[in-house]
Amino acid sequence: MVSTEKPRQYKVVGTRPIRPDGVDKVTGRAAYGADTKAEGMLFGAVLRSPHAHAIIKSIDTSKAEALPGVKAVVTARDFGAHAGGGVVDLGETRGQANYMQDNVLANHKVLYHGHAVAGVAATDQHIAEDALALIDVQYEVLPFVIDVREAMLDTAPILLDDLRTTVRAANSTLPTDKPTNIALHMSLEKGDLEKGMAEADVIVEREFETGMFHQGYIEPQNATAFWNRDGEITVWTSTQGAFSVRDAMAALCKVPVSKIKIVPMEIGGGFGGKLGVYLEPIAALLSRKTGHPVKLWMTREAVFQATGPTSATYMRVKMGAKRDGTFTGAYAYLAYEAGAFPGSPMGAGAQCAFAPYNIPNQTVEGFDVVINGPKTAAYRAPGAPASEFAVEAVVNELAEQLEIDPIELRLRNASKEGTPNTVGQPFPRIGAVEVMDAMKSHPHYASELTGEDVGRGVAVGFWFNGGMESSSSAAVNSDGTVSLILGSTDIGGSRASLAMQLAETLGLTMDDVKPQVVDTDSVGWTHVTGGSRTTFAGGWVAYELGMQIREQMRERAAQIWEVDADKVTYGDDGAIHGPDSKTMSFAELSGQLAATGGRIAVSASLTKNTQGPAYAGHIVDLKVDRDTGKVEILRYTAIQDVGTAIHPSYVEGQIQGGVAQGIGMALNEEYIYDDEGRLRNGSFLDYRMPVANDLPMIDTVLIEVPNPGHPYGVRGVGEVPIVPPMAAIQQAIYDAIGTRFYVTPISPRRILEETMPD
Amino acid sequence: MSNRVKTDRIVITAKINGDERTFLADERDSLLEALRERIGLTGAKEGCNNGNCGACAVLLNGVLVNSCCVMAAEIEGAELTTVEGLAGPEGLHPLQQAFLEEAALQCGICTPGFLMASKALLDENPHPTEHDARFWLAGNLCRCTGYDKIIRAVLKAADQMGSNGR
Amino acid sequence: MQPVKYKRATSVAEAVSLLQGGGEFARPLAGGTDVIVQARERRRDIDLFVDIKHIPELMAISHDANGVTIGAAVPLHLVYGDAKIVSQWPAVTEAAHVIGGTAIQGRATLGGNLCNSSPAADSIPAMMVLDAVAHIAGPNGKRDVSVREFCTAPGRNVLALGEFVVSISLPKPPAGSGGAWQRFIPRNEMDIAVVNAGVWVQLDGANVTDARFALGAVAPTPIMVPAAAEALIGKPLSDATIAAAGDAAKAAAKPIDDMRGSVKQRKHLAKVLTERTLRHAIERARGQA
């Protein structure tokens, strides 16, 4: 079911061609980061902290270095000078270079279980691993803190001696001159909260906690680096952002960006977790020391221990409404842990929390807090699933108390074009109402629920979507095809979605466009594949390239026909038309370019911040086994404003994948630490992501409210589908068994312990 | 834990994707390590290295196994099929074609394992139900797709293979 | 992977001699799904794998009038692929079908599941209620040990230096009896049991003439629950007697709190699973399932 606001006839956009990189990926030929092989390559391994918090008193690497086959051992000392406090832009997150360096290799303290302490390079993988046991590290173990609220207490162990609270909240009472774990206290205020609450007939206030969830990409982080004798560094890695890796490497290794080339390999999932650097600098230091290329990849356990989960949170949400359902006021308190270094996505969570609704009086107060856990990384709509879970759960309770259908209540308060968001800026054209209408009228919502202990829940979600900078170039080939050079790594079909937009612009087929992802020396600066921005921003660049080619093809035809250029048009059929019914196909003209003045090649670099925010609405039916606490998802419908679906199959796939991850968060995924602050479940066995028979088919409804800020109406689609599941499932469980849960995951254990008689 | 013993380099001969191959491996190499680093067949992927994700799945004497949980030394004299051996001279295997047509992959890292597991499924049960396919494939993790399009692709390939007798 | 040597045995005698020579750090290698990972993650000290899959009797399934003998290295997919085993000992094949994913079942074995001796091992409670016997070979010859007596502590068992399990026998179940096995896991596959339960009952009309109950993941080893049997034997089947068996199982369960489950949850599940599994076993005894 697809509804289109401004019906536009496209030839390529909206079709479902086979992706250009498809054959390589089904035949095992596609080269991912860990598949890298270089002449003389050494293999590396990383020693990690067994403690949650400890001072490194000494590191003796001599025994490891003496092991035959070991070529080098590196520690933080090998970085030389400490990186400064400069900021590296990672797209959806930012990092301070000195903290980033201390995260890559612990400097004088380890701050979490699994924190990297040393790296080894050897002639063989087994030898590198053997050498780890021969590195003697003496630790002085310190008290640790993992819970976000405990970390905020005055009595908590302090992680970073130099950290002081930055205050951006009007009435903050926090000191700004004392050691603390609270990196930031901020507030966003609109209207008059007290007045709003006073106007309310019904007020619901609840507390929530969400756990640390990992992105769970199947491919572990990896990097192969070669630091040549001339100082030129090449890194082959699976990353969402080759240029952000280059910037981070420059800051950490203290070399100019021009000395670094990042070769983005195929990437096995990221979801925000592969924006930053982990192994790349270690591989580079080992390569500098040995003169050989060095390949590193993480164990799955290290991925869980040391790469970015999302923030665990503690939240309070209070919302007031009039009898007729009008929301009068809303307050949210959001405490997000950031892991061992500042920089949780709390700010984004704060701006998303109430975004689906027009609420005149609202205050969101937020805290960014460091704890003895892995530095959090972006994860699909970073910050939003937690805060919107809390808000949507409260909205569902309000609907019950007001005796108004929960979708109807949302519709009565829905944000529309012009509604001021939490920071007071008006929304552009958005599809919140269209999504809610579609939820209400969907047969799923009207269907009868039958059986015992079954329940239904609904929730909506919002995500901004990012714009940012993208660059590409294109060249017309003599056979009428076009090469498209991309700086965005293809994490799930962007070669296809970008090639399709160029083909559409030129009136060609997707097969006529040959997309290629290239290294950082071969294309202009391009921001990360993240923030749901790639098909939006890269597509805009592809459109721009297409328009440039159209213009040049037109001029060339005019020259060949010896007529004025303004008498020649480029048709949407991909042919060039002149006076007197003169016409040439794209291919015909392409074949004549070399002989008539040279071939055509164009490039473009654009920064577009006209992204269209995305809204999603989900309906879930489930069954609870009261005797075991287990939840079975019976039916799931995900409705979303996708702007324009360039390749509908991959849009559906993004939604289905986001839903599956959201179901995992809601039901079973969590980080479990022991009494010593050690991660107990760093494996796919015990970090329980959904498996194939945990899920039903996930029905999608693509609502197309084109983004007026894009030539093809594209909105980002990848992130918002992870936002609604937690609240929808929480509500459905309540509907099934009459118990509301305010802590996720709502695991069988939690359900059972809450509901079983003693 | 000590390193009391020293492992040897060993010569292994096995039939891999139809061809007899002889290669040198370390005695403590897993089959996955040998495939990737000694033989250069990198289609099998390391996702977890402990049998919980299926990204390294291959067929050993026709039986689906996780190559991370097999010692390379064990395959002396055995027959092995990896994802690189799935397409024949006549073209892609129907499963590969169905995965492409159904958009059953996003990042693609789990795809080789899913293809091998799906092949093993259809070898054993040419007409699986959705339930059969989900149960059989539960040992293969995919984080991108929510499995929907993978299951559809497997069922589609089964239909096509059934109708054209492959 | 810690340094591990690999040797292939082609006879029981050769395996015994290799294992004895290898000492305390030698392990038989059957499916390898536990031991290879343990050696890789340096969780169990192993420096020699003795591959026992090339010993014919380790790979054989033989049915005779007394029951079936399953070689200790027979992979699970062949166990649940054997129609006779499925029809006569469904409790065992129910467990075999859900140990790991399909690719694990292509390698993992009943012998390995037994020798790994995890308190949560899925097949052990099923084998315990079916009176399974492990046939052991070692430097001092052969001996038989009831599967019920096999595990001694988490990861530990009765095997002495140089000994290994050659095969496991399941005696033929008498007419009018039925066995079943279930577990609880948070997902639908790929988890370690929070609790699992094996049940076997012998019926005479509406009366229970014999019964055996076992539970996993509620004690340092899988345990028998004789009190549950006592609550049932000699009594007519009813919701009350079934609940009494469940209560006995709950009382017998002495679990720990860990990342996979809590004491409260596990004790409750011991009852739930015992009752559910019992009902299934009763249906089988009546020939209804």
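Below, chain A is the first sequence line, B the second, and so on; all start at residue 1.
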Which bit of [X] is near chain B, if near means a heavy-atom gap under 4.5 Å: side chain, backbone, both or neither?
| X | result |
| --- | --- |
| A:Asp490 | neither |
| A:Pro696 | backbone |
| A:Val303 | neither |
| A:Glu301 | neither |
| A:Thr27 | both |
| A:Ile267 | backbone |
| A:Ala34 | both |

If I measure from the heavy atoms of chain A, does [X] come under 4.5 Å with its side chain, its backbone, both, or neither?
| X | value |
| --- | --- |
| B:Ala138 | both |
| B:Asn49 | neither |
| B:Phe99 | side chain |

Between chain A and each of B:Gly43, B:Gly146, B:Ala87, B:Cys107, count heavy-atom pairs under 4.5 Å; write down the option with the most.
->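 Top option by heavy-atom pairs under 4.5 Å: B:Cys107.
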Go through B:Val83, B:Thr7, B:Asn140 and name the one with the most non-hydrogen pairs under 4.5 angstrom from chain A.
->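 Ranked by contacts with chain A, first place is B:Val83.
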Return the option, out of A:Lys295, A:Arg16, A:His647, with the maximum number of heavy-atom pairs under 4.5 Å with chain B.
->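 Between A:Lys295, A:Arg16, A:His647, the count favours A:Lys295.
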Choice from A:Ser683, A:Gly718, A:Ala660, A:Gly268 maximising heavy atom contacts with chain B below 4.5 Å |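 The option with the most such pairs is A:Gly268.
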How about [X] and [Y]: do any of their side-chain heavy atoms sit closer than 4.5 Å?
| X | Y | result |
| --- | --- | --- |
| B:Asn50 | A:Leu685 | no |
| A:Arg19 | B:Leu105 | yes |
| B:Arg152 | A:Met697 | yes |
| B:Asp26 | A:His126 | yes |
| A:Glu266 | B:Ile109 | no |
| B:Glu37 | A:Gln125 | no |

More than 12 heavy atoms of other residues, nucleotides or ligands under 6.0 Å from [atom1] of [X]: is that the case?
| X | atom1 | answer |
| --- | --- | --- |
| A:Lys37 | NZ | yes |
| B:Glu124 | CD | no |
| A:Arg29 | CZ | no |

Look up atom [atom1] in [X] and atom [atom2] in [Y], then write down how far apart they are to the nearest 0.5 Å.
| X | Y | atom1 | atom2 | result |
| --- | --- | --- | --- | --- |
| B:Cys144 | A:Tyr217 | SG | OH | 12.5 Å |
| A:Lys25 | B:Cys110 | NZ | SG | 11.5 Å |
| B:Glu46 | A:Ile218 | CD | CD1 | 12.5 Å |
| A:Asp699 | B:Asp148 | CG | CG | 7.5 Å |
| B:Asn52 | A:Arg688 | CG | CZ | 11.5 Å |
| A:Ser649 | B:Gln106 | OG | CD | 10.5 Å |

Between [X] and [Y], is there a side-chain N and carboxylate O pair less than 4.0 Å apart?
| X | Y | value |
| --- | --- | --- |
| A:Glu129 | B:Arg28 | no |
| B:Lys45 | A:Asp35 | yes |
| A:Glu652 | B:Lys149 | yes |
| A:Asp130 | B:Arg4 | no |

Of all the heavy-atom pairs spanning [X] and [Y], show the shortest one and how long it is.
| X | Y | answer |
| --- | --- | --- |
| B:Leu141 | A:Val691 | CD2-CG1, 3.8 Å |
| B:Gly47 | A:Phe684 | O-CE1, 3.8 Å |
| A:Val26 | B:Leu115 | O-CD1, 3.3 Å |

Given side chain to side chain contact (heavy atoms under 4.5 Å, CB included), test A:Gln656 with B:Thr145 step by step and report yes or no.
-> CA-CA 6 Å; A:Gln656 290 160 339; B:Thr145 64; 5.9 Å; no
Using modelled atom types only, decide if a donor and an acceptor are shared between the side chain of B:Tyr147 and the backbone of A:Pro690 within a distance under 3.5 Å.
->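 Yes, B:Tyr147 side chain to A:Pro690 backbone: donor-acceptor pair under 3.5 Å.
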Does B:Arg134 reach the main-chain N or O of A:Leu695 with its side chain, forming a donor-acceptor pair under 3.5 Å?
->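 Present.
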Salt bridge (charged side-chain N to carboxylate O under 4.0 Å, His left out) evaluation trace for A:Glu669 with B:Arg143 | CA-CA 13 Å; A:Glu669 295 182 30; B:Arg143 191 62 157 171; 2.8 Å; yes
